[in-house]
Q: 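Have a look at this one.
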Amino acid sequence: MQYFYIVVYTIVGDDITMCKIELNPHQIIKWGRREATRHPERTYELFRQPITRTGTLSFYKQLLPFE
């Protein structure tokens, strides 16, 4: 099954903001971790959804900054 991946971020006390959609999980994880390094005040998370008519969005992983 194919999925598309969505990176979202939250700032303390704020709503979820979507920032990027990608089909390749490796590229979007790398991009999300790079963004988490640039903006340490934000919490970045990765969600995935199957490419179907009835697909549901599900949490995939927390994106931590590079050390």
Side-chain angles (χ1 to χ4, degrees):
M1 182 174 290
Q2 282 191 322
Y3 295 93
F4 65 87
Y5 298 87
I6 303 168
V7 173
V8 300
Y9 69 85
T10 57
I11 300 174
V12 177
D14 197 10
D15 293 330
I16 292 177
T17 305
M18 182 179 72
C19 50
K20 188 162 183 159
I21 298 173
E22 180 80 39
L23 292 174
N24 187 332
H26 300 293
Q27 288 179 349
I28 200 157
I29 289 171
K30 191 176 185 182
W31 183 87
R33 291 191 66 196
R34 194 169 38 237
E35 287 295 307
T37 303
R38 289 182 190 151
H39 305 285
E41 71 280 0
R42 298 178 182 173
T43 303
Y44 283 85
E45 296 174 339
L46 183 65
F47 289 85
R48 76 177 184 180
Q49 180 176 344
I51 301 175
T52 63
R53 290 180 184 259
T54 59
T56 56
L57 191 64
S58 60
F59 178 78
Y60 189 63
K61 97 185 307 187
Q62 181 82 27
L63 298 174
L64 301 174
F66 289 114
E67 310 265 47

Q: Indicate if Phe66 and Trp31 have the same hydrophobic cluster label, given that clusters are the connected sets of ILVMFWY residues with side-chain heavy-atom separations under 4.5 angstrom.
A: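 They do not share one cluster, since no chain of ILVMFWY contacts under 4.5 Å joins Phe66 to Trp31.
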Q: Of the options Ile6, Val7, Ile28, which is the one that meets Ile21 in a side chain to side chain contact (heavy atoms under 4.5 Å, CB included)?
A: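 For Ile21, the side chain to side chain contact (heavy atoms under 4.5 Å, CB included) check succeeds only for Ile6.
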Q: Same cluster for Met1 and Tyr5 if Ile/Leu/Val/Met/Phe/Trp/Tyr side chains link at under 4.5 Å?
A: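 The answer is yes; both residues are in one hydrophobic cluster.
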Q: Can you find a heavy atom in the side chain of Ile51 that is under 4.5 Å from one in the side chain of Leu23?
A: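 With C-beta onward as the side chain, the pair touches.
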Q: Check Thr56 against Pro50 and note the closest heavy-atom contact, atom names and distance.
A: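 For Thr56 and Pro50, the tightest heavy-atom pair comes out as O-CD, 3.6 Å.
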Q: Under the 3.5 angstrom rule, does the side chain of Arg33 hit a backbone N or O of Leu64 as a donor-acceptor pair?
A: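 Here the side-chain-to-backbone pair exists.
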Q: Checking side chain to side chain contact (heavy atoms under 4.5 Å, CB included) against Arg48, which of Tyr60, Phe59, Phe4 comes through?
A: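 The residue from Tyr60, Phe59, Phe4 that satisfies side chain to side chain contact (heavy atoms under 4.5 Å, CB included) with Arg48 turns out to be Tyr60.
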Q: With a 4.5 Å limit on heavy-atom distance, are the side chains of Lys30 and Gln27 in contact?
A: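 Lys30 does not reach Gln27 side chain to side chain.
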Q: Considering all heavy atoms of both residues, which atom of Gln62 and which atom of Thr43 are nearest to each other, and what is their separation?
A: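 Looks like NE2-CG2, 2.9 Å.
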Q: Got more than 12 heavy atoms from elsewhere within 6.0 Å of CD, Gln2?
A: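 No, because the 6.0 Å sphere around CD of Gln2 holds 12 heavy atoms or fewer from other groups.
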Q: Following the transitive rule for hydrophobic clusters with a side-chain heavy-atom cut-off under 4.5 Å over Ile, Leu, Val, Met, Phe, Trp and Tyr, establish whether Tyr9 and Leu46 coincide in one cluster.
A: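 Tyr9 and Leu46: one cluster.
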Q: Give the C-alpha distance, both sets of side-chain angles, the deciding distance and a yes or no for side-chain contact (heavy atoms from CB on, under 4.5 Å) between Tyr44 and His39.
A: CA-CA 9 Å; Tyr44 283 85; His39 305 285; 3.6 Å; yes
Q: Looking at CZ of Arg34 and CD1 of Ile29, how far apart are the two atoms once the value is rounded to the nearest 0.5 Å?
A: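 Those atoms lie 12.5 Å apart.
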